[in-house]
Amino acid sequence: MKHWLMKTEPDAFSIDTLKQKKVAPWDGVRNYQARNFMRDMAVGDRVLFYHSNAKPSGVAGLAVVARTAYPDHTSWDSRSDHFDPGSTPEKPRWYMVDVKYVSTFTRLLPLEELRGIPELSGMILFARSRLSVQPVEPHHYEFMVKIADG
DNA sequence: GCCAACGTTGGC
DNA sequence: GCCAACGTTGGC
């Protein structure tokens, strides 16, 4: 089982939205590296649900992968904000996974606070601010769960 | 809203 | 294949 962190702007899709829907597709990823990580995901993989462009930005809760990567149909929908003319149903360029709600942290863990924690040093989150899907070390994941509930 | 970081595009 | 221009992400 692997561990991941996935970023979303809560104005568009938040942990509360996922809580209501229970399971939802993670569409709109238009970055090759992020896409490749999504294609590495397996059902049951753990996901840190991150709110970006938020006040404050940070880890908001937990999800699990509910369906492995499949073509992102919004990529060939010309009405979609995520339309990419280079992607077609015959030759999809972009993929999405489904994620399932697990829990909302009793307290959001702000990026600013996480940065200062020695146990979390080395996380991709701190070095690659624009990577919206990224792997997480198991001990980083476990530590974050611990401090969120504590 | 600003702007730094950085990924992508396209001319050559 | 280089790299300047451009567009986007995301923290602040």
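Letters A, B, ... are given to chains in the order of the sequence lines, protein chains preceding strands, and every chain is numbered from 1.
Heavy-atom distances to DNA chain B give each of Arg30(A) and Ser129(A) a nearest nucleotide, and the one nearer the 5′ end belongs to Ser129(A). Looking at which nucleotide of DNA chain B each of Arg128(A) and Asn53(A) is closest to, the 5′-most match is held by Asn53(A).
Of the possible donor and acceptor atoms, one in the side chain of Gln134(A) sits under 3.5 Å from a partner among the backbone N and O of Leu125(A). Put simply, the side chain of Lys19(A) never gets that close to the backbone of Ser14(A): no donor and acceptor are under 3.5 Å apart.
The nearest whole Å value for the distance from the CG atom in Leu111(A) to the C1' atom in dT9(C) is 14 Å. As rounded to whole Å, 17 Å separates atom P of dA5(B) from atom CG of Leu125(A). Here the P atom of nucleotide dT8(C) and the CG atom of Leu131(A) are 18 Å apart, to the nearest Å. To the nearest angstrom, P of dG11(C) lies 15 Å from CD1 of Ile124(A). Remark: C1' of dT8(C) and CG of Asp81(A) are 14 Å apart, rounded to the nearest angstrom. In this structure, Phe13(A) atom CZ and dT9(C) atom P are separated by 17 Å, rounded to whole Å. For the pair Lys55(A) NZ and dG11(C) P, the interatomic distance rounds to 13 Å; values are reported in whole Å. Look at CE on Met123(A): it is 13 Å from P on dG11(C), rounded to the nearest Å.
Distance from the side chain of Arg115(A) is smallest for dC12(C) among the nucleotides dC12(C), dG7(B), dG10(C).
No side-chain heavy atom of Glu119(A) sits less than 4.5 Å from a side-chain heavy atom of Met144(A). With a 4.5 Å cut-off on side-chain heavy atoms, Leu111(A) and Phe126(A) count as touching.
Pairs passing the ring-ring contact (aromatic ring centres under 6.0 Å, His included) check and including a residue from residues 49-71 of chain A, sequence neighbours excluded, read Phe13(A)-Phe49(A), Trp26(A)-Phe49(A), Phe49(A)-His51(A).
Only at 4.0 angstrom or more do the heavy atoms of residues 83-94 of chain A sit from any atom of DNA chain B, so none qualifies.
When the options Val97(A), Val29(A), Leu48(A) are evaluated for a side chain to side chain contact (heavy atoms under 4.5 Å, CB included) with Met6(A), the one that passes is Val97(A).
Among the atoms of the strands shown, only primed sugar atoms or phosphate atoms (P, OP1, OP2) are found under 4.0 Å from some heavy atom of Tyr50(A).
Between Trp76(A) and Ser87(A), the shortest heavy-atom distance links the atoms CB-O, 3.3 Å.
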